[in-house]
Amino acid sequence: MEKTFQPADIETRWYQQWESQGYFAPRGGERAYCIMIPPPNVTGSLHMGHGFQEAIMDALIRYHRMRGDNTLWQVGTDHAGIATQMVVERQLEAQGLSRHDLGREKFLEKVWEWKEQSGGTITRQLRRLGSSLDWSRERFTMDPGLSEAVQEVFIRLYREGLIYRGKRLVNWDPALHTAISDLEVIQEEEQGHLWHFDYPLAGGEGHLTVATTRPETMLGDTAVAVHPEDERYQHLIGRMVKLPLTDREIPVIADDYVDREFGTGVVKITPAHDFNDYEMGRRHGLPMINILDDDAAINDQAPAAYRGLDRFEARKRVVADLEAQGLLAGIEAHSLRVPRGDRSGVVIEPYLTDQWYVDARELAKPAIAAVENRAIQFVPKQWENTYFAWMRDIQDWCISRQLWWGHRIPAWYDEQGNFYVASSEAAVRAEHGLGDDIALRQDEDVLDTWFSSALWTFSTLGWPQDTEELATFHPTSVLVTGFDIIFFWVARMIMMTLHFRQEVPFHTVYVHGLVRDAEGQKMSKSKGNVLDPIDLIDGIDLESLVAKRTAGLMQPQLAARIERATREQFPDGIAPYGTDALRFTYFSLASTGRDIRFDIGRIEGYRNFCNKIWNAARYVLMNCDGQDCGSGADAAVELSLADRWIRSKLAATTAEVHRAIAQYRFDLASQALYEFVWNEYCDWYLELSKPVLWDDTASAAAQRGTRQTLISVLETTLRLLHPFMPFITEEIWQTVAPIAGKNGPTIMLQPYPEGGDKDVDTVANADIEWVKGVVLGVRNIRGEMNIPPGKAVPILLRNGDERDRERLRDNTQFLRKLARLESADWLEAGDTAPVAATALVGELEILVPMAGLIDREAELARLSREIDKLEKDLARVQGKLGNPAFVAKAPAAVVAKEQEKMQAQQQALATLQEQARNIGQL
RNA sequence: AGGACUAUAGCUCAGUUGGUUAGAGCGCUACCUUGACAUGGUAGAGGUCCCCAGUUCGAAUCUGGGUAGUCCUACCA
C-alpha cells in the first residue's frame, strides 16, 4: 500500500467496475426502496448544491441496498424549457441568427444537437461523485414514453375540466416572449419614483390628482377610483375625467380597494396592465385597453405619438408631455417591488393573453389532506407549514409557454377559433367528425417544464402503461430536495400523482439546506462564487479557476471583480481532495439548518480522515496479512480487555449510525463514524494492540484474538462507512475482507452491519476508561512538566481499592506502553511517599516522583490551577445542595448524584491541597 | 404588513424529554520524526450560550418582550 491515500488512482476504476457489473440495478427482494433523482437540467452542469444532494441520496441508496432492500435509484434529466432554449438562442445570436430565421423545426434540431453534445456533462459529474444510479433506466423528460404521459395527463385534465383556456393577465417576459408562472417572477425592492398627475374633470371644474409608479400605463387607463366613503371625492363618483394625452374620457368609480391614506387617495385604473386594476376592471365592467405589444413597446391602441416606443422611452415621453401641459403635479422618490423574470432578469409586464391554466385549487385539496394525515411527511417537519401556507392559497397555474422547446400542447384550432384537445390531429378529426376540408392548426405553445416534472415519479416507471416497476417501486420512499422548490416541484408532484395514481408520490420529503459559499452568499454564476464539485475532487489551478468563473458571463463587466475575489480566496487554486473527502464533508454539514456554508477548510480535515483510515488499514494489514487471525474454527482465541472494548464501541457506533440515518441526520452519522475511527480505533485500540502483538511472551491465543479483532473491526467499519465513502472503503475492503474471512466481489453488496446497543460491554468500557484515566493522568504530568516523551517514568499508586489493584494487575502491559512507564508500584499504608507530582483517577492517586524530573514551581502552578477549578465546581455543587428547596423538590436521583459529586470533589480537593502543602514546604 | 427561521469558542457547527465540568472539526500555543499515518502524535489555551424579564429547586434548553440577521408570503397605486 502507498504511504498516503491517493484517491485519483482508485475512484474511476471502481466506478467503472461497479457500473459494468450491473451492481446499481435493483436486485429483487421483499422490501422495495426507491428514490427518484430530482432531474437536473440536461444541458447544465452540477454545482455544489447538486453534489450535496446527490451525496445524501447515494448514502441512503447504498445503505438500503446493503441492507438487502430491492433498491432503485432512478436517474434522469429535465429538458428545462426556458433555460435550454435561451442557451441555444444565444448561440444562434452569436452567428447573427434568430430562431425565427431557422424556423421551428430547424431550431428544434439545433436544440437536440446541443442536448446530445452537452448532455454528457451532468452524467459524467454524477459518476464522479460515486452516485450509484441505475443507468440502465435513464430517462429524459422529452423521451417518447414521458411525452406520452404528459399528453395523457393534459388530455385527461382537460376532459375533467381541470385544464382550461382563458384570456387573462399573465406575467409576460418581454425578452423571452413568453408567459411565466407566478413562481418564476422575483419581486425585489428597488428605488423608483411616484409621479403625481392631474386629470382634469370633464366639466372643466378642476381636476383629480392621481399617483403612479408607471406613468406610461396611463395611456391604457379606463377609470380613476376613489374610496366610496372618502368625503373629499364622494361628489365626483360617477363623473367623468379627461384622460390627458388621449381623447378619451373615463369615469370616476368607487371601490373600497382604494387606500384613502396613500398618495392622494385617487388611483388610476389600467385593467390590462395591472393585476389589481384587472380585478377592479372586472368588478366594474371597465373596458380593458392593451397598449403594449409582445416586446412591451407601445402598440396601435395608444395615441399615435407613442406608438412603437419602448415602455421606458414611452415613460419619459409621457412624463415630459404631461409636464409640458402643466399636469405634472409632482415627483417623489419611492421604493417599490419590481417584478423581474428569474431567467431573463427583465421587468415583467402584466399582459393580457390567451393561456392554458390548471385548476390548482381543485387538485390541491387531496394534496393538502395527504400531508395532514401523515401519508406524506416532511423532514424537518416545519416545512409542512410552508407547504400548507402555499397550498391553501394556491392560484391557478399558467402552464402554457410561448416557446418552441418543450411538450407541445395537444390542442388544434379551426379557422373559426374553435379548439379541440386530443392526442393528434387525426384523433381530433375522428372524435369531432371534422373532414379534411376543414383546416386545423396545432397550438403553437408548449407546456411549462414543471408540468412534465410533476409526473416524474410515475412517468419514469412506465405510466400510463401498467408496468411491474410501477407496482414495485411506486409510491417511492423518499424525495430529497431543497426547500426552494417545494412549490415548483414537490407540491405539483403531490397534486398530479394523487390525481392520476390515487396514491402519494413518496412517503417522506427530506428537505435539506442550500449550499452557500464561505461568506454565506448564495452561489451564482454572476457572483462568480460557484464551485464545481469536480474541482474539489480533482483540484484545479488558480488560472483555470479564474478562467472558468469569468467565462460566458451575462454581465462581462463583473469579470474583474470576480477574478480579484477568486485570486484572494484561492491564491493557490484548489488542491485535489478526492470524492470520499468531499462526500464526507457534505455529510458533516447536513444538519437541520437552512443554510450550509461550505468552507474549504473543512474538506481538508476529511481528506486527512481518509488518510487516517488508509494508514490504519496499512497497520492492520502489516500485522495480519499472512498471519494467523483466528479465522480457523478450532484455534483458541483469547480476547483482551482492549479487544472486548473496541468491539463494544463498534457496536455502539453501529447503533448510532442507524439511528442517525433513520432521522436523516447525516451530520450525526458522520460524526459518530469519525469519532469512532479516529478517537477510539486509531488513537487507542491500535496502540493497545501493540503491546500484545509485539510481546514475544504473549500467548498465541491472545495474539490471535487481537489480530482477529483488528481485522474484523476494520472490515465491519469499512462496511459501516461505505455508504458515505464508497471508494476508499471498496479499495481497502478488497484486501481486508479475505483476511477477515469474508468473500464477495464488492463491498457494495455486502450486508450492512446490524446489531448495536445489545452488544455493548459496559464492564469493558469502564475498565478501559480506567486505563485511559491513568494514562491521561501521567501524560498530563509529562506534558506540563516537559518530561521528554522518550523518557520512561516510574509511578507509584496510593489509596486505591481492590478493583484498582485488579485493574493494574490486568493492564500493566497496556499502561507501560501507552504512558511509557518504567514501573508501577503500590504504596502501602506504612510507606512514606516521595515528593511527587500527583494525578487522580477517582480516589486513586498516581504519583510521579519528582526527583530529577519535575520542577517544583511548575508542579505548584499546575496544582493550583487544578485546585482553583475544583474549588469553583465544588462551590457550585455545595450551593445547590445547600438550597433546601433543591433537596426537597428535585428528584432523589439528581440529589444523590450531586451529593456523590460533592464528596468526590471534596476528596480530590483535599488530596491536591495536601500535595500542594507538601511540595510547598520543600 | 404577516409568517418562518437563526443567534453557543477566533471560524463553521452539534447540543435529544430542562439536571453536562457546555462539546466537535478547523484555527491557535508548546513539545515531539517513537517501527500505520507530519494529510501525524502528545499536552494546552480559548465560552457572560445575543440582551432583558418570567416559569422552575434548577434554563444554552421552556414562556414573553427586545436587538441583529436571513428567508418566504402579501394588491398599497
Tabulate atom names and distances for all N/O pairs under 3.5 angstrom spanning the protein and nucleotides 74-77 of chain B.
residue, atom, partner, partner atom, Å
B/A74, N6, A/Arg337, NH1, 3.1
B/C75, O4', A/Asn276, OD1, 2.8
B/C75, O4', A/Asn276, ND2, 3.3
B/C75, O2', A/Tyr257, OH, 3.4
B/C75, O2', A/Asn276, ND2, 3.3
B/C76, O2, A/Asp259, OD2, 2.5
B/C76, N3, A/Asp259, OD2, 3.2
B/A77, OP2, A/His334, NE2, 3.3
B/A77, O2', A/Ala211, O, 2.7
B/A77, N6, A/Asp259, O, 2.6
B/A77, N6, A/Phe262, O, 3.1
B/A77, N1, A/Asp259, N, 3.1

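- Neither side chain, A/Thr653 nor A/Glu656, offers a donor N or O lying under 3.5 Å from an acceptor on the other.
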* Let me have RNA chain B in dot-bracket notation, would you? Count Watson-Crick plus G-U wobble pairs, both distances under 3.5 Å, and use [ ] for pairs crossing earlier ones and | for inter-strand partners. => (((((((..((((.....[...)))).(((((.......))))).....(((((..]....))))))))))))....

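- Between A/Lys3 and B/A38, a side-chain N or O to OP1/OP2 separation shorter than 4.0 Å is present.
- Scanning all heavy atoms of the two residues, the minimum distance from A/Leu710 to A/Tyr681 falls at O-OH, 2.8 Å.
- Within the 4.0 Å cut-off from OP1 or OP2 of B/G40, not a single side-chain nitrogen or oxygen of A/Asn611 is found.
- Residue-level contact check: A/Ile269 touches neither bases nor backbone, having no heavy atom under 4.0 Å from any strand.
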Sub-3.5 Å pairs of nitrogen or oxygen atoms, protein against nucleotides 27-34 of chain B:
none

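- Checking the phosphate oxygens (OP1, OP2) of B/C37, no side-chain nitrogen or oxygen of A/Asn608 falls inside 4.0 Å.
- Using modelled atom types and a 3.5 Å distance limit, the side chains of A/Asp221 and A/Thr270 yield a donor-acceptor pair.
- Checking A/His193, A/His273, A/Glu349 one by one against A/Arg214, the side-chain hydrogen bond (donor to acceptor under 3.5 Å, both in side chains) holds for a single residue, A/Glu349.
- Remark: A/Lys612 is not in phosphate contact with B/G40, judged by side-chain N or O atoms under 4.0 Å from OP1 or OP2.
- Candidate nucleotides B/A43, B/C37, B/U21 were compared by shortest atom distance to the side chain of A/Glu687, and B/C37 ranks first.
- Between A/Lys690 and B/A36, a side-chain N or O to OP1/OP2 separation shorter than 4.0 Å is present.
- Side chains of A/His284 and A/Asp255: a donor-acceptor N/O pair is present below 3.5 angstrom, by distance only.
- For B/G41, one of the phosphate oxygens OP1 or OP2 lies less than 4.0 angstrom from a side-chain nitrogen or oxygen of A/Trp678.
- To the nearest angstrom, P of B/A45 lies 12 Å from CG of A/Asp868.
- Counted by atom type alone, A/Ser689 and A/Tyr619 present one or more donor-acceptor pairs between their side chains at under 3.5 Å.
- In this structure, the nucleotide among B/C72, B/A36, B/C57 sitting nearest to the side chain of A/Phe487 is B/C72.
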All N/O contacts under 3.5 Å from nucleotides 12-16 of chain B to the protein, with atom names and distances to one decimal?
residue, atom, partner, partner atom, Å
B/U12, OP1, A/Arg597, NH1, 3.0
B/A14, OP1, A/Ser591, OG, 2.6
B/A14, O3', A/Arg665, NH2, 3.3
B/G15, OP1, A/Arg665, NH1, 3.1
B/G15, OP1, A/Arg665, NH2, 3.4

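- With sequence neighbours excluded, the residues forming a salt bridge (charged side-chain N to carboxylate O under 4.0 Å, His left out) with A/Asp873 are A/Arg876, listed by chain and number.
- Of the candidates B/G19, B/U39, B/U42, the closest approach to any side-chain atom of A/Arg607 belongs to B/U39.
- Counting heavy atoms of neighbouring residues, nucleotides and ligands inside a 6.0 Å radius, atom CD of A/Glu568 does not exceed 12 of them.
- Sequence neighbours left out, the pairs with a member in residues 895-905 of chain A that pass salt bridge (charged side-chain N to carboxylate O under 4.0 Å, His left out) are A/Lys880-A/Glu898, A/Glu898-A/Lys901.
- Between A/His512 and A/Phe52, the ring-plane angle classifies as perpendicular under the 30° and 60° cut-offs.
- Taking a cutoff of 4.0 Å between a charged side-chain nitrogen and a carboxylate oxygen, A/Arg232 and A/Asp230 qualify as a salt bridge.
- Here A/Leu688 contributes atom CG and A/Glu680 contributes atom CD; the two are 10.5 Å apart, rounded to the nearest 0.5 Å.
- Between A/Phe5 and A/Trp614, the distance from one ring center to the other falls under 6.0 angstrom.
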